[in-house]
Protein chains: 2
Amino acid sequence: MPTTLKDIARELNISVSTVSYALHGGTRKIPDQLREQVRETAVRMNYRPNRLARSLVTGRTNTIGVVPPVLDDDVFLSPYLRMAWNSIVNEAEKLRQDLLLLTASDRTRAADSIDDLVDSRIDGLLFVAPSVEAKPFERLTELQVPYTLMSAGGNAPGPHFGVDNNQGVRLAVQHLMALGHRRIAHIGGPDSSYDAIMRKSTFDQLVREYDLPLFDGQSQHGPWTRESGEARLVELMKLAHPPTAIFAGNDDLAIGVLGRAFEMGIRVPDKLSVIGFDDAGFLAYGLPGLTTVRQPLPELAALAVRSLVDFIATQSVPADLELPATLVVRESTGPAYLTP
Amino acid sequence: MPTTLKDIARELNISVSTVSYALHGGTRKIPDQLREQVRETAVRMNYRPNRLARSLVTGRTNTIGVVPPVLDDDVFLSPYLRMAWNSIVNEAEKLRQDLLLLTASDRTRAADSIDDLVDSRIDGLLFVAPSVEAKPFERLTELQVPYTLMSAGGNAPGPHFGVDNNQGVRLAVQHLMALGHRRIAHIGGPDSSYDAIMRKSTFDQLVREYDLPLFDGQSQHGPWTRESGEARLVELMKLAHPPTAIFAGNDDLAIGVLGRAFEMGIRVPDKLSVIGFDDAGFLAYGLPGLTTVRQPLPELAALAVRSLVDFIATQSVPADLELPATLVVRESTGPAYLTP
DNA sequence: CTGAAAGCGCTTACAG
DNA sequence: CTGAAAGCGCTTACAG
């Protein structure tokens with residue numbers, strides 16, 4: 001049986017309210033000596049406040065609920081989420097917020113069941129890269145649950161924290177063009193991802209804008225995996241005129257391309273240039289290091305957490321924030337190889 | 001104002017208990033028609049059960065508290081924790097347990113303050129690779145909090161789930177010896193890590209057992225980082241007779257060695273063999289792929305979660321489990337290079 | 001069969 | 001200044 005305030009009160013022959021005030025301060029003044037005595041007794045009796053009971057009364061839990069992209073197997077292995085989650089944890093710790101990962105909700109109804117995420121155990125929700133199909137965010141506003149969104153689309157209302165995909169993709173394409181590339185392919189992420197959609201559509205737009213050559217399978221959606229990068233590379237290399245450069249929608253895709261290119265004996269960057277997106281701290285040794293577009297994930301994640309905590313505290317909706325991407329040139333891109 | 005059972009009861013002119021039974025089953029039979037009516041009303045009124053209140057009564061939260069290695073910055077970036085955490089999340093989801101990451105506790109007192117982890121919001125605790133200095137686990141037993149330990153030492157009482165370090169290190173050293181290596185160095189993890197201590201002491205023991213040559217700085221503790229692997233390699237290469245093979249305490253250290261070796265122009269495995277530990281899914285493209293000792297982290301993490309849930313349900317302490325390691329041979333190890 | 005009530009462990013306005 | 005009491009939203013033994 002855990003010790004309760006009542007136990008301490010009985011032990012000292014004082015009231016529960018006095019014990020409560022003595023332990024937690026508050027509006028009532030307690031004589032120093034009594035307060036000390038209460039505290040000592042609490043320690044001696046192994047008293048641990050019941051946060052359930054406290055939260056039930058105060059309505060505050062100091063806990064943030066986190067909703068990962070799609071809770072299917074192995075999301076937490078992705079470099080993106082690893083980076084984002086690490087930063088979420090660090091920031092939550094600074095702000096003394098615990099983190100509740102809501103796994104036990106009914107995933108069968110997935111996106112529709114935002115209701116299941118509304119939980120009295122949390123003060124607010126952080127959505128990390130929610131699927132673009134996840135619509136009913138209005139419901140959260142209706143239920144008065146503060147929330148912020150990371151890497152989410154304009155179709156989801158609410159405070160957004162994301163990278164400037166448009167500008168980032170421009171960086172990638174212009175880098176390749178500066179190296180003389182014109183025959184450029186894009187291996188994109190899934191069309192359920194806002195970032196993937198934005199990156200592909202910006203790429204497609206730039207192809208038109210710069211009047212780059214068009215070819216079969218030049219720009220496609222697919223899973224965010226190395227396997228997808230590998231498979232797409234194989235297909236692209238079957239073309240009569242394969243691309244001289246590939247812009248991958250994230251680093252995992254790019255690493256897949258690099259790995260398979262190595263196996264196929266396609267030298268990078270001599271015969272093929274590869275650029276990724278994220279720079280989410282993948283491990284790479286040996287050459288070539290991956291040229292990529294860095295998205296400031298740690299900053300974005302920290303901001304999403306901090307803004308959520310502000311939102312909860314002030315009840316006023318924080319402002320959106322879109323941070324610029326930066327180009328990180330390593331060894332996987334080089335001058336275009338021109339077929340003789 | 002969220003809807004409560006009382007609101008529904010008032011709406012339908014029935015009692016709160018009837019509403020509760022109608023929504024959640026339980027011991028009382030409710031006529032089908034009434035039950036339907038209650039459910040419809042609940043949906044219409046946006047009823048969401050308050051889990052705080054429910055848990056306060058039932059004493060169950062269906063939530064597991066997770067305590068990561070040391071909550072300083074960036075633990076979640078480590079390959080080990082990424083792998084373990086991913087598996088913890090997957091298993092928790094299967095068992096319909098939510099996960100509470102306790103960050104807001106008082107970290108200043110760190111290991112001593114296990115008390116702060118005892119939280120009415122969780123049914124049990126999972127410690128992931130706790131520091132060997134974290135002693136007061138007895139306290140948890142005293143407070144009757146079920147817990148399991150992953151990658152923890154024998155000094156911590158409680159149900160352990162870990163790899164057989166002794167056997168794993170033997171695998172590594174024997175692999176190197178079979179390739180003709182005798183001058184072998186070990187770059188170890190921190191002496192606050194049980195795994196690191198075990199690996200180093202087993203290595204030291206094998207050096208004696210096989211009568212391998214001794215040399216300065218042959219076997220040392222250090223952080224679990226790539227930087228440490230790099231720095232140690234540089235030192236080892238300054239020796240008059242540098243080792244021909246390095247056994248790193250984890251993959252991060254090994255990757256550091258590999259990366260720096262590449263920069264220093266030391267060809268692997270021609271001039272130097274490198275073997276790691278964990279095989280925790282680091283990304284590597286290009287050659288050489290890292291030969292390593294695989295520890296079944298996903299299985300261990302899943303077991304630690306499942307056993308904790310059993311522990312909570314049955315109140316009987318689960319059995320320890322030590323799983324064997326396996327050798328994964330890739331390209332970073334080869335025949336010993338003998339100075340002419 | 002169903003309602004009224006106790007109680008989980010707190011916080012905090014309300015009495016005295 | 002401090003105690004008694006209400007109330008947070010549930011579950012469930014207890015009455016009727």
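To find a chain, count down the sequence lines: A is the first, B the second, and so on, and within it residues start at 1. Please read all numbers here as calculations on a predicted model, not as lab measurements.
- One interatomic measurement links the two molecules: NE2 of H24(A) to P of dG9(C), which rounds to 14 Å at whole-angstrom precision.
- Judged purely by distance below 3.5 Å, without hydrogens or angles, the side chains of T4(A) and Y47(A) never pair a donor atom with an acceptor atom.
- Per the geometry, CG belonging to L5(A) stands 14 Å off P belonging to dG3(D), to the nearest Å.
- Inspection of the R82(A) and N86(B) side chains reveals no N or O donor paired with an N or O acceptor under 3.5 Å.
- Rounding to whole angstrom units, CG of residue D7(A) and C1' of dC10(C) are separated by 13 Å.
- The interatomic distance linking L52(A) (CG) with dC10(C) (P) rounds to 10 Å, in whole Å.
- Checking S15(A) against T18(A) by side-chain atom types alone, a donor-acceptor pair falls below 3.5 Å.
- Atoms CZ (R54(B)) and P (dT11(D)) sit 5 Å apart, rounded to a whole Å.
- Under the 4.0 Å criterion applied to side-chain N and carboxylate O atoms, R48(B) and D119(A) are not assigned as salt-bridge partners.
- Side chain of R28(A), nearest nucleotide from dT2(C), dT2(D), dG9(C): dT2(D).
- If you check distances only, the side chain of R51(A) never reaches the base of dG9(C) with a donor-acceptor pair under 3.5 Å.
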Please step through side-chain contact (heavy atoms from CB on, under 4.5 Å) for the pair I122(B) and Y147(B), ending with a clear verdict. CA-CA 11 Å; I122(B) 55 167; Y147(B) 68 95; over 6 Å; no
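- In this structure, the side chains of E138(A) and E142(A) stay at 4.5 Å or more apart for every pair of heavy atoms.
- Inspection of the N46(B) and R139(A) side chains reveals an N or O donor paired with an N or O acceptor under 3.5 Å.
- Of the residues in residues 9-19 of chain B, those with a non-hydrogen atom less than 4.0 angstrom from any atom of DNA chain D are V16(B), S17(B).
- Taking atom CZ on R35(B) and atom P on dC1(C), their separation rounds to 14 Å, with Å as the unit.
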Reading DNA chain C 5' to 3', what string of ( ), [ ], | and . shows its pairs, if Watson-Crick and G-U wobble pairs count only when both distances fall under 3.5 Å? |||.||||||||.|||
Could you please spell out the steps behind the salt bridge (Lys or Arg N to Asp or Glu O under 4.0 Å) verdict for D98(A) and R121(A)? CA-CA 11 Å; D98(A) 288 321; R121(A) 298 175 300 169; over 6 Å; no
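- If you take CG of L34(B) and C1' of dT2(C), they are 10 Å apart, rounded to a whole angstrom.
- What separates OH of Y21(B) from C1' of dA4(C) is a distance of 13 Å, to the nearest Å.
- Contact annotation for P2(A): no contact, since no heavy-atom pair falls under 4.0 Å across all strands.
- Not a single donor-acceptor pair under 3.5 Å links the side chain of T61(A) to the backbone N or O of S55(A).
- Annotation: of the two residues near DNA chain C, V57(B) and T58(A), the 5′-most nearest-nucleotide partner is V57(B).
- Donor-acceptor pairing under 3.5 Å, judged by distance alone, is absent between the side chain of R48(A) and the base of dG9(C).
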